[in-house]
Protein chains: 2
Amino acid sequence: MPMDKDALIRRIRCFTSLSTEEEQVLRQLAGERQRNIGPREDIIREGDPPHLVYLVLNGWACRYKTLEDGRRQILAFLLPGDLCDINNNVLQEMDHSIGAITPVTVAQIGHERIADAVAAFPRLSRALWWHTLTSIAIQREWTVNIGQRSAFERIGHLLCELFARLEAVGLTRGTQCDFPLIQTEIAGATGLTPVHVNRTLQELRGEGLIVLGNRVLDIPDMPRLQAASLFVADYLHLNCEIRGGDDDAASFRSVA
Amino acid sequence: MPMDKDALIRRIRCFTSLSTEEEQVLRQLAGERQRNIGPREDIIREGDPPHLVYLVLNGWACRYKTLEDGRRQILAFLLPGDLCDINNNVLQEMDHSIGAITPVTVAQIGHERIADAVAAFPRLSRALWWHTLTSIAIQREWTVNIGQRSAFERIGHLLCELFARLEAVGLTRGTQCDFPLIQTEIAGATGLTPVHVNRTLQELRGEGLIVLGNRVLDIPDMPRLQAASLFVADYLHLNCEIRGGDDDAASFRSVA
DNA sequence: CGCCAAGTTGAGAGCCATCAAATAGCGTGG
DNA sequence: CCACGCTATTTGATGGCTCTCAACTTGGCG
């Protein structure tokens, strides 16, 4: 599969413009030790010590957690351009697993490589924080999604989010995008059963809100789906105004 | 109310030991501009630009998000020693609100104060990252909680978590602790209705797992409640071995 | 052609929501 | 001291969203 070294760059461009030197550095990070993972294979498992940062170059992955009795919750989807836990090395061990959904290619980046990059280009620190903070915001929104929305809204919301995130890294074509998730995975992410996901998808199709099949998702009328799902994209913090200056570069270097 | 400037120190001691100088700096941060917030009052609201870091000195607060149609989800509880989003200034605006549950005292800390502290004591950077990463881990666990657990387990799990976190900052007395949440708030946090929370609490009481009343919680047999709730404390990342050296201090300063 | 995974359908049950009303707790004011 | 009013808690009855169990269909692939 072709690797997509620029996904991270496209992602960060949603937050800020990048100089060619900064892009160069990001491209170098994306070129670190590649690793290919087969579908349904784990990238890192609960209990492992986290010693590398993974950058998804290609394919879909997910964070998930399994309870003792086998129940399994998907916590997040990782799309191309997503970075796993910068500074996760602070913690002793993973409290959840990360697994590939499709075949996945990741760059495995040592923490010191990131430190070097940030030291050379302090503005990148702010960008990486933005990346981290939006991941947290997404996690919060999932809490809202599962806690408050009906199955119909919940699945609709998930589809809106995934589409928006794919769009941000240039992986959509008009109103459609590749969509490799099987219904069981949608179920695991939304806290529903596969059976009910099936019926709810039929409802969404019935209302003409989505066209889903053959691993391709089409959302003919995004505003309508968003309204039906109570989706408000603010939490993704995309399309921020491009804020140039390194006005407070000092603070990036330290806490950032 | 007496303020508790050492809550943050006690919290961080769960991760690492601190030199007296480091403690001094943290205490200084806790002494920044105090602000008192009345119960049910907002500290910061969705849409506001986040320009300060809040450190909870006293009382309980929560993050929450309200949907257009009024449904409200509590996303996290903020206890003494909790710090709100270091580096949140990277984002343009809050995507959720933070409100006081009880009367709350916070220290309002400018980002540059934190930057200074970290510059002076690089080890603190690692500690603050630990703080941030555990908050994320808790958010993930809430996703699991709401997505996979029954009402009974869900409430039990929440109580276990809150108790463990209070214990970490020295706010428990034996098997009990102050517990200011009303049933409606437990409902908002667990994605249940107040009525069902009421009935479920009665079940928990009926099984002798909790004693709850007069704003005091007693958990006579914690292991039993944990087992009944499928609670595993690992995700809180407390009681890490105390890792001394500033072996990779360089990396703290940069991405840290 | 047969196998296996994924998707679909049906029937029935159960957990939790909803609606409504009663009770309890508690500070305030008469 | 008791009445009052508010909020929090509790209880009852009913309904529905979602789960569970089970079987069937479809589709991809060797």
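In what follows, chains are A, B, ... by sequence order, proteins preceding strands, each numbered from 1. Computed over heavy atoms, backbone and side chain alike; hydrogens, waters and symmetry mates excluded.
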Applying a 4.0 Å non-hydrogen cut-off, can you work out what [X] is touching in the nucleic acid: base, sugar-phosphate, or nothing?
| X | answer |
| --- | --- |
| B/G213 | nothing |
| B/S150 | sugar-phosphate |
| A/R205 | sugar-phosphate |
| A/L201 | nothing |

Taking 4.0 Å as the cut-off, does a side-chain nitrogen or oxygen of [X] come that near to OP1 or OP2 on [N]?
| X | N | value |
| --- | --- | --- |
| A/Q202 | C/dT9 | yes |
| A/R40 | C/dA6 | yes |
| A/R71 | D/dC19 | no |
| A/N198 | C/dG7 | no |
| B/R149 | C/dC15 | no |
| B/Q183 | D/dT7 | no |

| message | Taking atom types as they are modelled, would you say the side chain of A/R199 forms a donor-acceptor pair with the base of C/dG7 within the 3.5 Å cutoff? | response |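 No, no donor-acceptor pair under 3.5 Å.
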| task | Could you go through the side chain to side chain donor-acceptor pair (under 3.5 Å) check for A/Q73 and B/Q148 one step at a time? | result | CA-CA 7 Å; A/Q73 174 71 42; B/Q148 299 298 326; 2.9 Å; yes
| Is the distance between the ring centroids of A/W142 and A/Y235 less than 6.0 Å? |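 Here the rings of A/Y235 and A/W142 have centres that are no less than 6.0 Å from each other.
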| task | Kindly write out the residues that satisfy side-chain hydrogen bond (donor to acceptor under 3.5 Å, both in side chains) with A/D42, not counting sequence neighbours, or none if the list is empty. | result |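 Scan of A/D42 (side-chain hydrogen bond (donor to acceptor under 3.5 Å, both in side chains), adjacent residues dropped) gives A/R45, A/Y64.
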| said: So for the helix from C/dC1-D/dG30 to C/dG30-D/dC1, with five pairs setting each end axis, what is the inter-axis angle to 10°? | reply: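 For the helix from C/dC1-D/dG30 to C/dG30-D/dC1, the axes at opposite ends meet at about 30°.
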| For the pair made of CD in A/E185 and P in C/dA5, what is the distance, rounded to whole Å? |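 That distance rounds to 14 Å.
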